[in-house]
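Written below as structure tokens is the structure these notes are about.
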There are 2 protein chains.
Amino acid sequence: MVKSFSAMLISQFSKATGLSLDTIRFYVRKGLLNPGRNGKGGTNPYQVFGAQDVTAARMIRLQQSLGYSLREIAALGAEYRAGEDSPARTAAVLRAQMAKLEERRSELESALDFLGRKLAWVEAGQPKDAPSWENFIC
Amino acid sequence: MVKSFSAMLISQFSKATGLSLDTIRFYVRKGLLNPGRNGKGGTNPYQVFGAQDVTAARMIRLQQSLGYSLREIAALGAEYRAGEDSPARTAAVLRAQMAKLEERRSELESALDFLGRKLAWVEAGQPKDAPSWENFIC
DNA sequence: CTTGACCATTGACTAAAGTCCACGGTTATA
DNA sequence: TATAACCGTGGACTTTAGTCAATGGTCAAG
């Protein structure tokens, strides 16, 4: 669990991820990110972010775009970290993620198909024998 | 613009779409759905929804899952309806939609690829020569 | 040692997307 | 015509995901 590599302060991390300072602090409060602390004079006042936090930020964005709430994302991250030393658990979490993505992709493809058929129909001058839109289920 | 086919009242429409009564009314207020009105005794107190409203509801769900706000969805719907009698405009809107979907799908695929590589790496016992996560941009 | 840049914490505030509730009107059924 | 089941409207309320502002601590440069 080496965290010292590629360490940065919050403003650097902000630039690296595109998240605002406030959003980062908000995510830390919610447990979505857990940076280290590293002070010089005995105290440790500053948050220190590493490369793994950048990856985490990307994952958060991804999950969010899949419709997960931050609460759910935090839970998933916790589950992931809980089984971090158990490859089986890690793999299970990853596979669940991938299943969600696959499902999402097939939804997208069905929607694409729907729009494609509709476009073809429009371009054909909207003939009477319209394709059935009804199998468009999203 | 026949709207009488497959007409239903709001509770039927709710069952047909899975949207709650309140959500439907909310969408109507926002201009996302525009049902007809059909009363018996001179007045027209009740909203009447048709098959095209069911399709609209599906589209709303789809757009929403793509990250659009209701305001944006309403605008897109208005644009679509504005050029309803112009196949060229309709086709343009449809094509823009499809482009968005394609973009989204390629994002999904890149994420799937990322997770797939990570899964393989975990299952291989997390060897030193980790694949580069860095080309995972979402 | 002071100054400017950076950082943390707290709490108030906001917009979006609903949800809930109370009230009153409408319609089908008995 | 009474009554239950439905419908509409208005407004208050809630959750989520941040954003903003005030206050005060930390650190490097001069």
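Residue numbers begin at 1 in each chain, while the letters A, B, ... track the order of the sequences.
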May I have the distance from [X] (atom [atom1]) to [N] (atom [atom2]), rounded to whole angstrom?
{"X": "B:Met8", "N": "D:dC6", "atom1": "CE", "atom2": "C1'", "answer": "17 Å"}
{"X": "A:Ile10", "N": "D:dC27", "atom1": "CD1", "atom2": "C1'", "answer": "16 Å"}
{"X": "A:Gln63", "N": "D:dA17", "atom1": "CD", "atom2": "C1'", "answer": "16 Å"}
{"X": "A:Leu19", "N": "D:dT19", "atom1": "CG", "atom2": "C1'", "answer": "14 Å"}
{"X": "B:Tyr46", "N": "C:dG25", "atom1": "OH", "atom2": "P", "answer": "12 Å"}
{"X": "A:Phe13", "N": "C:dA8", "atom1": "CZ", "atom2": "C1'", "answer": "16 Å"}
{"X": "B:Gln12", "N": "D:dA5", "atom1": "CD", "atom2": "C1'", "answer": "14 Å"}
{"X": "A:Glu72", "N": "D:dT15", "atom1": "CD", "atom2": "P", "answer": "16 Å"}

For the side chain of [X], counting heavy atoms from C-beta on, which of [options] is nearest?
{"X": "B:Pro45", "options": "C:dT19, C:dT26, D:dT19", "answer": "C:dT26"}
{"X": "A:Leu9", "options": "D:dG8, C:dC7, D:dT19", "answer": "C:dC7"}
{"X": "A:Asp22", "options": "D:dT9, C:dT19, D:dT19", "answer": "D:dT19"}

> So what does A:Leu21 hit on the nucleic acid, given a heavy-atom distance under 4.0 Å: a base, only sugar-phosphate, or nothing?
Replying inline: nothing
>> Please determine whether side-chain contact (heavy atoms from CB on, under 4.5 Å) holds for the pair A:Tyr27 and A:Asn34, giving the CA-CA distance in whole Å, both sets of side-chain angles, and the decisive distance to 0.1 Å.
In response: CA-CA 9 Å; A:Tyr27 283 0; A:Asn34 23 273; over 6 Å; no
Without swapping roles, check the side chain of [X] against the backbone of [Y] for a donor-acceptor pair under 3.5 Å.
{"X": "B:Thr90", "Y": "B:Gly83", "value": "yes"}
{"X": "B:Ser14", "Y": "B:Ile10", "value": "no"}
{"X": "B:Glu72", "Y": "B:Ser69", "value": "yes"}

> Are B:Thr17 and B:Arg58 linked by a side-chain donor-acceptor pair shorter than 3.5 Å?
Replying inline: no
>> A:Leu115 vs B:Met59, test: side-chain contact (heavy atoms from CB on, under 4.5 Å). Steps then yes/no.
In response: CA-CA 10 Å; A:Leu115 289 180; B:Met59 285 305 292; 4.1 Å; yes
For [X] and [N], is the shortest distance between a side-chain N/O and OP1 or OP2 below 4.0 Å?
{"X": "B:Ser20", "N": "C:dG18", "answer": "no"}
{"X": "A:Arg25", "N": "C:dA8", "answer": "yes"}
{"X": "A:Thr23", "N": "D:dT19", "answer": "yes"}
{"X": "A:Gln47", "N": "C:dA8", "answer": "yes"}

> Would you call B:Arg105 and A:Glu107 a salt bridge, using N to O less than 4.0 angstrom?
Replying inline: no
> What string of B, S and - do you get for nucleotides 12-17 of chain C 5' to 3' if you count protein non-hydrogen atoms under 4.0 Å?
Replying inline: ----SB
